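Keep in mind that this is a model prediction, so the values were computed, not measured. So that the names make sense, note that chain A is the first sequence line, chain B the second, and so on, each numbered from 1.
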Amino acid sequence: MKFKQVLLHGLWKDLPPFRLVLGLCPALAITSSAEKGLGMGLAATFVLIFSNTFISALRKSIPDKVRIASYIVIIATLVVLVEMSMKAFFFPLSQQLGIYIPLIVVNCIILGRAEAFASRNPVFLSMTDGLSVGIGFTISLTLVGSIREILGAGTWFGMSLFGASFEPFGFMVEAPGAFLCLGLLLGLMNAYSRKRGEMFIQS
Amino acid sequence: MREIIRLVVVLSLICGVAAAALTGVRYSLEKRIERQSDFYVRGPALERLFNQPAVQLLGNKINFMTSNRVYSVFYTKSGDDVTGLAIEAPGAGGYGGDIILMVAVDLASDQMTGMEIIQHSETPGVGSRVEKVSFRNQWAGLSVSEPVKLRSQGGQIDAISGATYSSKAVVNGTNQIIELMSGHRDEIIAAIKSKGNG
């Protein structure tokens with residue numbers, strides 16, 4: 001029962017970045033196309049799963065006073081590993097994401113999950129938590145990226161959708177479009193939650 | 001006291017393992033990353049600088065060693081003569097670290113023919129504008145015999161507004177290449193010739 005809860009909570013109840021309202025920086029900055037959203041989401045998921053696993057495995061040996069420092073070292077190591085692997089195997093994507101890959105280190109979701117979940121739960125459960133939140137983050141970023149790319153450029157994952165006569169709504173791929181798109185989605189989600197009688201803002 | 005020792009030991013162990021993991025992965029991926037960056041970044045940059053297909057140019061490479069640094073130098077030849085160089089150098093002082101850039105020099109006229117940014121970590125939308133053609137175009141026709149300066153210091157280069165640090169870093173990198181050319185021009189050409197023969 002507990003396992004199922006942990007597996008599913010990242011997909012709606014704690015869906016990042018909408019419900020946690022953490023990790024907004026990459027969600028606004030790199031979602032100008034679906035491909036970038038997906039790439040960023042997958043990179044963050046990898047870091048989340050492994051940082052949760054290692055931190056949970058070490059939770060009894062890390063002294064309380066240096067826990068944040070230890071978490072940051074572990075997370076930073078994983079991020080640099082991701083950065084190097086991306087450069088070696090997905091070079092064009094790593095060029096597009098640029099500075100935002102190293103910035104995963106300071107992504108609040110990852111440190112948040114480490115502190116709130118992995119530091120007090122067993123390894124397997126923490127791994128599941130990382131997977132769940134990571135997949136939620138990937139889906140959200142791909143969704144925001146898709147909406148912005150379809151409206152703003154008339155393409156989806158680089159494929160042209162509407163033919164040459166379509167006049168793209170260029171505003172959506174610019175920075176203000178990110179705020180608009182994210183805000184509207186967040187509003188719709190809160191409205192839907194309220195209608196279902198869920199608490200619409202996290203306590 | 002015991003507690004302090006424990007803090008130090010645990011944190012050092014974690015850092016040690018992390019460093020070992022990073023070194024291992026870096027060592028095993030370095031060659032691959034280099035190849036990818038040749039294919040996707042240096043290749044296209046060289047193509048624009050020399051108007052020749054990248055496949056030929058990427059092979060035309062020597063590593064030129066000075067007393068304090070190794071420079072990647074690409075070249076073009078016509079017959080036995082070296083006609084052009086493209087030298088890669090780091091420009092110190094960028095907002096997010098060094099900006100790696102490449103400057104092409106035409107040896108017949110001793111003028112620069114262009115500049116390309118190979119790698120940077122500048123702020124997106126601000127410093128990253130050093131990649132723009134309108135900024136890079138300013139390098140065509142500059143002389144290699146005197147240092148480059150920003151216009152605000154009485155030089156020839158218009159800095160990007162709001163990105164003075166980044167513009168300055170590119171100028172620094174260029175000056176490093178100019179210095180290399182003035183001190184080692186003949187050695188570089190000799191090194192390229194000896195590579196061709198051997």
Original post:
For B:Q153, does the CD atom have more than 12 heavy-atom neighbours from other residues, nucleotides or ligands under 6.0 Å away?
Top reply: yes
Subject >> Crowding at CD, B:E179 (>12 non-hydrogen neighbours, <6.0 Å) >> reply: no
Original post:
What part of A:F54 gets closer than 4.5 Å to chain B, counting heavy atoms only: side chain, backbone, both or neither?
Top reply: neither
Original post:
Just wondering, more than 12 heavy atoms not from B:K149 lying within 6.0 Å of its NZ?
Top reply: no
Original post:
Under a 4.5 Å heavy-atom cut-off, does chain A meet the side chain of B:R35, its backbone, both or neither?
Top reply: neither
**OP:** Report, as yes or no, whether the 6.0 Å neighbourhood of atom OH on B:Y165 holds more than 12 heavy atoms from other residues, nucleotides or ligands.
**Re:** no
Subject >> Exercise: identify the closest heavy-atom pair between A:T77 and B:A18 >> reply: OG1-CB, 3.1 Å
Original post:
Are there more than 12 heavy atoms of other residues, nucleotides or ligands under 6.0 Å from atom CZ of B:F39?
Top reply: no
Subject >> Pairs of heavy atoms under 4.5 Å with chain B: top-ranked of A:S94, A:A76, A:P92 >> reply: A:P92
Subject >> Within 6.0 Å of NZ in A:K36, more than 12 heavy atoms from elsewhere >> reply: yes
Original post:
Between atom OG of B:S121 and atom CD1 of A:I101, what is the distance when rounded to the nearest 0.5 Å?
Top reply: 13.0 Å
Original post:
More than 12 non-hydrogen atoms from neighbouring residues, nucleotides or ligands closer than 6.0 Å to OH on B:Y95, yes or no?
Top reply: no
**OP:** State, yes or no, whether a side-chain contact exists between B:L22 and A:M84 at a heavy-atom distance under 4.5 Å.
**Re:** yes
Subject >> Side chain proximity check, B:R32 to A:F89, heavy atoms < 4.5 angstrom >> reply: yes
Original post:
Within a reach of under 6.0 Å around CZ of B:R151, are more than 12 heavy atoms found that belong to other residues, nucleotides or ligands?
Top reply: yes
Subject >> Heavy-atom proximity to chain A below 4.5 Å, by part of B:S37 >> reply: both
Original post:
Hey, what do you get for NZ (A:K87) to CD (B:E34), rounding to the nearest 0.5 Å?
Top reply: 11.0 Å
**OP:** Would you mind checking which part of B:L11 comes under 4.5 Å of any heavy atom in chain A, side chain (CB onward), backbone (N, CA, C, O), both or neither?
**Re:** side chain
Original post:
Is there a side-chain contact between A:I62 and B:I14 (heavy atoms, below 4.5 Å)?
Top reply: yes
Original post:
Is it the backbone or the side chain of B:Q119 that comes under 4.5 Å from a heavy atom of chain A, or both, or neither?
Top reply: side chain
Original post:
Looking at A:A88 and B:L29, what are the two nearest heavy atoms and their distance?
Top reply: CB-CD2, 4.0 Å
Original post:
What are the two closest non-hydrogen atoms of A:P63 and B:L7, and how far apart are they?
Top reply: CB-CD2, 3.2 Å
